Amino acid sequence: MESPTITASRSVSRRGEKRFHVEISKTGGGEVVAQGLPAWLSTLSAGPASARGPESASPQPPTRAAPNTAQTCRHLHSKVSQALRDGRVSATELCRKCIDQIQRTHYLNAFITITGETAMEQAQRADNRIRTGKPLGPLDGIPFSVKDNFCTENIKTTCASKMLKGYVPPFSATVVQKLLDQGAVLVGKTNLDEFAMGAGSTDGVFGPVRNPWSYTTLYREQSTEDPDSDWAISGGSSGGSAAAVAALSSFLALGSDTGGSTRNPGSLCGVVALKPTYGLLSRHGLIPLVNSMDVPGIMTRSVHDAATVLRILQGRDERDSTTVQAPSTPPSLPEHFDIRDICVGIPKEYHAPGLSTDTLAQWSRVAAMFEQAGARVQEVSLPHTQHSIVCYHVLCCCEVASNMARFDGLEYGHRSTIDSSTDAMYATTRHEGFNNVVRRRILSGNYFLLKSNYERYFVKAQQMRRLITEDLKNVFRSGIDVLLTPTTLSDAARYTDFIQEDNRTRSAQEDVFTQPVNMAGLPAVTVPTALSRRGLPISLQLIGQTLQDWKLLTVAHWMEQQVNFPMIHLHGDSDERKLDRSVRERTHTIGS
Amino acid sequence: KSPETFLFFIMIPYTGEFLSMVGVVGLEVHAQIQSTSKLFSGSHVRFLAPPNSLVSHFDASLPGTLPVLNRRCVEAAVLTGLALNCTINRKSLFDRKHYFYADMPAGYQITQQRVPIAVNGMLVYSHFEGRRRNQVVTKSVKIKQIQLEQDSGKSLHDDEQSQTLIDLNRAGVGLMELVMEPEMCCGEEAAAAVRELQLILQALGTCQANMAEGQLRVDANVSVHRPGEPLGVRTEVKNINSVRHLAKAIDYEIQRQMEVLQSAGKVLNETRAFDSKSGNTIPMRDKEGLQDYRFMPEPNLPPLFVYESKASVPAGVDPAQVVVIDRLSAQLPELPSVKRTRLVETYGILQEHSFTLVNEDGLMDYFENVVQTTKAEPRKVIGWVIKELMGNLNSQNLKVSQSPISPCALAELINLAESGHISSSTAKQVFQEMWKAPEKTVGQIVKEQDLWMINDKEELQKICRRIVDSHPEEVNPNCIKALILASETFITQ
């Protein structure tokens, strides 16, 4: 493709290469050891090792970033589950390590609840099964964490809101239950923006989540400030889950994705984050934000792992009438697949104002990789995309107004002590229970839904939603297999910069590349490609056709192999760091 | 001057200009669907269960729960729609209707505001006119729509301790809301329409339709106007718990509105409650003026599809798991109006009697049972059933199923009378004895009380003679003459 984007990419990516070398020299090259975990445990990973060795037949990437790291990454494919079965590690050992890691990285504020005791019991049972040669599946004994807006039986589920502080659901979300049924070990519930409304994981009652990459040697050495004042946001709203996977406290995590809430933090924290096709995964037990767009998201450290988890979680659930039958999927992603059969679309409208040069460079670099490997790369147009974010906000507020109506303090959750009348109790309960962000969305949503406004806002937004969906359908109908786009405008913002703007503004900026996919219900995955100058991850998004999640992951896997994203190495002294209490206990930081 | 003329002159100045005002009545009926579980959850549906014992996570609106549509409820609505000559929408939609109320835990009700399951139906009903109220007049009212929706829970207000207790057993039970167009003119018509609807729902088995138990709840929209002019301002009358009260409430409300207009007042658009003690309607506490329900499509339920026939079910969909209209049409039972026609035609009974037979639960079966086991003409049987049986049942407030006399026993009694073994007046006497002693057979009672008819003239004369002889003081020649004459007439009968 002879476009200026690609030309630009080559020069920039060469600079990126240098930065990589810097990173590698800090991590010492060779085998990367992450907080006491052997590297082969850093990913569930998968696939026969032979297919992915350095001598792999896959085309050489145009720019070989950090050969040492590449080597390391390519050696990461021993499956953890295989290690478990071989007895090289026990589930209890693995669980203990993850819980230790959660505690060591406590300052990230990624977790709201740590389920150490029950996790160890689960791990013990997994060990018994594995010892007797009867593991439940590839996830038996694998530690995972769950965003705290998924219901977990007998485990607190707060949505990072005062409204649900201390709420203990009597049932587990279908996706959580499926993981538990596979023997996976739940180590904790992760932090988020209150009721998943946000793009920074900065607006929850438990305080903001910190990006683990701002505690790497590379970031810290560039910073002149104290680690408690200069750190990057994790992205949101599933920031806790992304940070947990990135900081190696969990092998996989569940997030939720309504407008990008899984992909955005996945991108900023440098993990693989999959937003499956709407309806492929059950929403039963996911406390809703926007029912018509919410999907459980999967966060892992490799595309293979995401595929493994998707295979387990997908499929019809009789408790969620919007779920569909999953297409039949092979046991694992194909190792040999010809990228020349793939047509990659580059939507020109994604050259949005505010797109950072680093991100643009990565976008161009990877597009060039596809092209050089023989894939067809072609510019496409999604003319209605520019209106998507506005419509998304109208629809989001409407459903929020409706979904939040149940929080009245009667059946569960926070209840105000003001009880002069039922109405007074409702009003004060809701005022005390919700933060400003939630309250504003409720107010806007109720305004949009008024009889006199319904046609002007809700109906118009729905019409636009259909046009946006049609745009995407047309592109795929024209022969495109996947779209390649940035996931976010730039790498993660510094927290102190991020909170200069309110939640509404930040959501509009942060979700710009991610939410059209939710409007259309399509699958999308973000894959980290490189580190920015600041040492923070930059990721790209691949968008697939409805129910073509497997094909999407196949392409993402290919891309992942080419880009050689480095392993994280947390700065040495961070182990002893204690979380600043003032940060942890701050509640509504924005606009209160 | 005759009294009538006098009355005429008096009336003109007072009501002359209002003579032409008429009432206009439309009904909104909420029928609780007869189903073992709720509309969107697996909780059981039972009347008078301990409070909050039938509440699923969804019913309590726990966050993260989702509605799952109960097929049985859809089938009930389709059956009802078919029986009421509705068009069944092949695709219908669910909406959320928002309002805060303690017994509506989600803060919204799932209903069908935009596209309901059935539309454009017709309910044919009859009532009686004429001095003896035996003239059957048949009318019809349009059914605008039937929509599926959730019932609310119940609030119990404890004024003394100033607290409200919530029972969610009813929350989420399936309702069919039937909207009848304002085409009725008085309480009697509305009552007849609702009575007919009850019979249809009961025949279908889609609703038990007991108003006192709240399975059928009827709100009346009442206004008055002069024919040809736009409809007047309407009020909504609620809190009506029987068909009889419905008629009373509507008639009171029509009268009240006419009087308001008569005294140059204005009818307010308000909700009024019927007070069964006084027979009045009184304004209900206003729910903060006008409500904006902020309707929104229910995003968790895909469109509801029903299919014409098995053949029209798309590939990949299990026909056993969807609602097929043909299959339901074939299940439609004999509806009340058909039953009545059949009764009149088959048995030659009066039309008004066919109404009694069909209106009383179980009475038609009882009647047909008796007819089948007796040689008597159905027209004779109907007399027994309507006068004797119903008379006794009504006076003791019993249902047909509680009758101490079985159809067989009654048939036996009628047979005895028919064959001349007992007289018809004796038969009535025996009937009362049977009522008191259901364990005895007809034969036993007749024998014990020695009620067999005596046909032997000599024996009768002997009896008479014996009586006369044993009562010499009372005997008076005229009495004896009369007695003998009577016995002779009786015997020759």
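Every value quoted in this text rests on a predicted model; they were computed, and no experiment measured them. So that the names make sense, note that chain A is the first sequence line, chain B the second, and so on, each numbered from 1.
Side-chain atoms of A:Y426 come within 3.5 Å of backbone N or O of B:A102 as a donor-acceptor pair.
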Decide side-chain contact (heavy atoms from CB on, under 4.5 Å) for A:D423 and B:F100; before the verdict, give the C-alpha distance in whole Å, the side-chain angles of both, and the deciding distance to 0.1 Å.
CA-CA 8 Å; A:D423 284 347; B:F100 282 106; 5.5 Å; no

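The aromatic rings of B:H57 and A:F171 lie parallel to each other, their planes meeting at an angle below 30°, with 60° marking the opposite boundary.
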Output a table of donor-acceptor pairs, distance under 3.5 Å, between side-chain atoms of residues 458-468 of chain A and any protein atom two or more places apart or on a different chain; print 'none' if there are none.
residue: A:R465; atom: NE; partner: A:M519; partner atom: O; Å: 2.9
residue: A:R465; atom: NH1; partner: A:S292; partner atom: OG; Å: 3.1
residue: A:R465; atom: NH2; partner: A:S292; partner atom: O; Å: 3.0

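Between A:I287 atom CD1 and B:T65 atom OG1 the span is 9.5 Å, to the nearest 0.5 Å. If you take SG on A:C398 and CE on B:M296, they are separated by 7.5 Å, rounding to the nearest 0.5 Å. Distance check: A:Y454 OH to B:D292 CG gives 12.0 Å after rounding to the nearest 0.5 Å. Atom CG of A:L410 and atom OG of B:S61 lie 9.0 Å apart (nearest 0.5 Å).
Only the side chain of A:D408 comes within contact range of chain B, judged by heavy atoms closer than 4.5 Å. For B:F295, the part lying under 4.5 angstrom from a heavy atom of chain A is the backbone only. Residue A:F150: no heavy atom, backbone or side chain, is found under 4.5 Å from chain B. Neither the backbone nor the side chain of A:N453 comes within less than 4.5 Å of any heavy atom of chain B. Of the two parts of A:Q325, neither the backbone nor the side chain holds a non-hydrogen atom closer than 4.5 Å to a non-hydrogen atom of chain B.
Interface residues of residues 445-452 of chain A toward chain B, defined by a heavy-atom distance below 4.5 Å and sorted by number: A:N446, A:L449, A:L450, A:K451.
Residues satisfying the side chain to side chain contact (heavy atoms under 4.5 Å, CB included) test with A:Q177, not counting sequence neighbours, are A:S172, A:L180, A:D181. In this structure, the side chain to side chain contact (heavy atoms under 4.5 Å, CB included) partners of B:E298, at least two apart in sequence or on a different chain, are B:P67, B:F94, B:R96, B:Y108, B:I110, B:N300, B:L301.
In terms of non-hydrogen atom pairs under 4.5 Å with chain A, the most contact-rich of B:G316, B:P302, B:G107, B:P299 is B:P299.
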